[in-house]
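Report on the following structure.
Numbers restart at 1 for each chain; the letters A, B, ... are given by sequence-line order, proteins then strands. Here the structure is a predicted model, which is why all the values come from computation and not from measurement.
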2 protein chains.
Amino acid sequence: MLYRAGEAFTHLHVLNSGFFKMISVSADGREQVVGLKFRGDWLGFDAIAGASHACDAVAMDTAEVWSLRYDELLQACARRPELLGLMHEAMSHEIVRDRDTLMSICTLPADARVVAFLQHWAQALSVRGLRADQFSLRLTRAEIGNYLGLTLETVSRVLSRLARASLIAFNEKSRRDICIPDLQALESFVQGRVSLNLH
Amino acid sequence: MLYRAGEAFTHLHVLNSGFFKMISVSADGREQVVGLKFRGDWLGFDAIAGASHACDAVAMDTAEVWSLRYDELLQACARRPELLGLMHEAMSHEIVRDRDTLMSICTLPADARVVAFLQHWAQALSVRGLRADQFSLRLTRAEIGNYLGLTLETVSRVLSRLARASLIAFNEKSRRDICIPDLQALESFVQGRVSLNLH
DNA sequence: CGCACTTTTGAACGCTATCAATGCGTGTGG
DNA sequence: CCACACGCATTGATAGCGTTCAAAAGTGCG
């Protein structure tokens, strides 16, 4: 765990390798995965406003993180304006990304949400030069469901249906490692609402 | 409309009076209310990353907006570091706020979501020194539902139920203007419903 | 007044949650 | 080595919440 909700804010972090999940807990104890972080993403922006972190940052793998003291970072930005540009870009990107997930959750049915989740993950890998046709989800069904506003059973059922339709395939070792032979086919699935009720 | 999705990014804006809604449209035409803005909020952060706006900013009322050229703003920040602090705080606050709404939508049933929406609005007014026990929603039932991942009928039903329970009251002129005699009562109403769902 | 838009309310349907049983892989201890 | 517990995943049956479809009333405006 890189930081926990409530901890005093001192550093921002840049993820150089590995994967993180961001987890918020509400006052009444509801827990929620509110974001996923990949290589190059910044962590800790949530803490600037309140001077303490608003969520937990949990590594999903061995990870390498560059931690930067915020005050020193600002001084460095004064000397090197392009650094400030990078930081603003990262913050802006996070805002846009969060809105995209909000839209997915508000407007898509369960199966399309799961597909959008897979696409998101695949694209995140692809943009970073990693293979996007075969990867590990690194989240339990329960966590995926939580992130998407679904139950773990629904996630499991959708994935099974996608596998039955050969739009994805499971690794024979672990059902958390999946293959996406044709990302286009998945994409058109969301668009056209192809019915998978083959049974 | 202050700006539209796709427009080139030149200015950030600070809302000095009035109310704005932020509307995103996905590639396949799904429309989504992704945020609400009140006095003192900044608008336009979404455009920094992509150099063009990612959503529409629509006024819900006559509004006064201060528009600041981004490049000039950065120069001013170099001279006055506290200005940069304000801007970062606003961005960070937006990130935290977006996550809160995501959590509400993912973890709460319909009635609790509507209540959370009312609380959010009331608190936004209260923090700004405006009266929070009586205000106009400025959104149609359809827009509220869209923002909360519900249909307009569900929103209408929940509001009617809340009014029947005297937790809120409608203005006799317009059913978009509501009274909240006891905000605490509303809050405990959500708590009770959620704790039932938690086990 | 007519027209378009918004809101309310009812009834029926369907998607997703809930409840429950089973299987699988892993680590642990007898 | 096996038995066992534990966490994770799958699958089925059922129920319920929210959607969909539909009708009617209220509101604002040219």
Side-chain angles (χ1 to χ4, degrees), chain A residues 21 30-33 60 104-118 136-165 168-178 190 193-199, chain B residues 21 30-31 33 60-61 104-118 136-165 168-178 190 193-199:
Chain A
K21 56 184 174 186
R30 286 170 289 133
E31 213 165 286
Q32 171 75 25
V33 178
M60 298 190 286
S104 291
I105 288 167
C106 281
T107 65
L108 296 177
D111 43 12
R113 278 187 228 179
V114 174
V115 169
F117 170 77
L118 296 176
S136 167
L137 292 177
R138 298 183 142 78
L139 291 171
T140 66
R141 304 289 192 255
E143 287 171 318
I144 297 172
N146 177 284
Y147 183 48
L148 299 175
L150 302 169
T151 58
L152 67 96
E153 293 95 332
T154 300
V155 174
S156 177
R157 271 186 257 268
V158 171
L159 288 175
S160 295
R161 235 177 301 153
L162 291 173
R164 220 170 294 138
I168 67 170
F170 292 112
N171 184 321
E172 60 271 9
K173 295 280 291 183
S174 159
R175 291 181 72 84
R176 222 178 277 187
D177 296 346
I178 65 165
V190 188
R193 309 169 176 206
V194 177
S195 173
L196 282 182
N197 297 345
L198 310 175
H199 222 72
Chain B
K21 55 184 174 186
R30 286 170 289 133
E31 214 164 286
V33 178
M60 298 190 287
D61 190 5
S104 292
I105 288 168
C106 281
T107 65
L108 296 178
D111 44 13
R113 278 188 227 178
V114 174
V115 170
F117 170 77
L118 296 176
S136 167
L137 291 176
R138 288 163 204 280
L139 291 171
T140 65
R141 304 290 190 253
E143 286 171 320
I144 297 171
N146 178 283
Y147 184 48
L148 299 175
L150 302 169
T151 58
L152 67 97
E153 293 94 332
T154 300
V155 174
S156 177
R157 271 185 257 267
V158 171
L159 288 176
S160 295
R161 228 175 303 149
L162 291 173
R164 221 170 293 135
I168 67 171
F170 291 112
N171 184 320
E172 62 273 7
K173 296 279 293 185
S174 159
R175 292 182 70 86
R176 225 178 276 189
D177 296 346
I178 65 165
V190 188
R193 302 261 327 134
V194 171
S195 57
L196 284 180
N197 288 349
L198 284 184
H199 205 226

What is the distance from atom CG of Leu108(A) to atom CZ of Phe117(A), rounded to the nearest 0.5 Å?
14.5 Å
Look up atom CD1 in Ile168(A) and atom CG in Leu159(A), then write down how far apart they are to the nearest 0.5 Å.
5.0 Å
Compute the angle between the rotation axes at the two ends of the helix from dC1(C)-dG30(D) to dG30(C)-dC1(D), each taken over five pairs, rounded to 10 degrees.
30°
Gap between atoms [atom1] and [atom2], on [X] and [N] respectively (whole Å):
{"X": "Arg164(B)", "N": "dT7(C)", "atom1": "CZ", "atom2": "C1'", "value": "14 Å"}
{"X": "Phe170(B)", "N": "dA25(D)", "atom1": "CZ", "atom2": "C1'", "value": "15 Å"}
{"X": "Leu148(A)", "N": "dC15(C)", "atom1": "CG", "atom2": "P", "value": "19 Å"}
{"X": "Asn146(B)", "N": "dT19(D)", "atom1": "CG", "atom2": "P", "value": "12 Å"}
{"X": "Arg175(A)", "N": "dG25(C)", "atom1": "CZ", "atom2": "C1'", "value": "13 Å"}
{"X": "Asp177(A)", "N": "dC8(D)", "atom1": "CG", "atom2": "C1'", "value": "14 Å"}

Do Ile105(B) and Cys106(A) touch side chain to side chain, with heavy atoms closer than 4.5 Å?
yes
So Asp111(B) and Pro109(B), do their side chains get closer than 4.5 Å, heavy atoms only?
yes
Side chain of Arg176(A) only, please: which of dA9(D), dT16(C), dT10(D) is the nearest?
dA9(D)
Nucleic acid contacts - residues 151-162 of chain B versus DNA chain D, non-hydrogen atoms under 4.0 Å:
Thr151(B), Glu153(B), Thr154(B), Arg157(B)
Identify each donor-acceptor pair in which a side-chain atom of residues 147-158 of chain A lies under 3.5 Å from a protein atom, sequence neighbours left out, and give them as a table.
unit_1	atom_1	unit_2	atom_2	d
Thr151(A)	OG1	Thr154(A)	N	3.4
Thr151(A)	OG1	Thr154(A)	OG1	3.0

Close residues, residues 137-145 of chain B, relative to DNA chain C [heavy-atom separation under 4.0 Å]
Thr140(B), Arg141(B)
Side-chain donor-acceptor distances from residues 136-144 of chain A under 3.5 Å, at least two apart:
unit_1	atom_1	unit_2	atom_2	d
Ser136(A)	OG	Arg138(A)	N	3.4
Ser136(A)	OG	Asp177(A)	OD1	3.1
Arg138(A)	NH2	Asp61(A)	OD2	2.8
Thr140(A)	OG1	Ala142(A)	N	3.4
Thr140(A)	OG1	Glu143(A)	N	3.1
Arg141(A)	NH2	Arg175(A)	O	2.8
Glu143(A)	OE1	Thr140(A)	N	3.0
Glu143(A)	OE2	Lys21(A)	NZ	2.3

Would you find a donor on one side and an acceptor on the other, under 3.5 Å apart, between the side chain of Gln32(A) and the backbone of Thr107(B)?
no
Using atom types as modelled and distance alone, determine if a side-chain donor or acceptor of Asn171(A) lies under 3.5 Å from a backbone N or O of Arg176(A).
no
Set out, line by line, the N/O atom pairs under 3.5 Å between protein and nucleotides 26-30 of chain D.
none

Ala169(A) meets the side chain to side chain contact (heavy atoms under 4.5 Å, CB included) criterion, sequence neighbours left out, with Cys179(A)
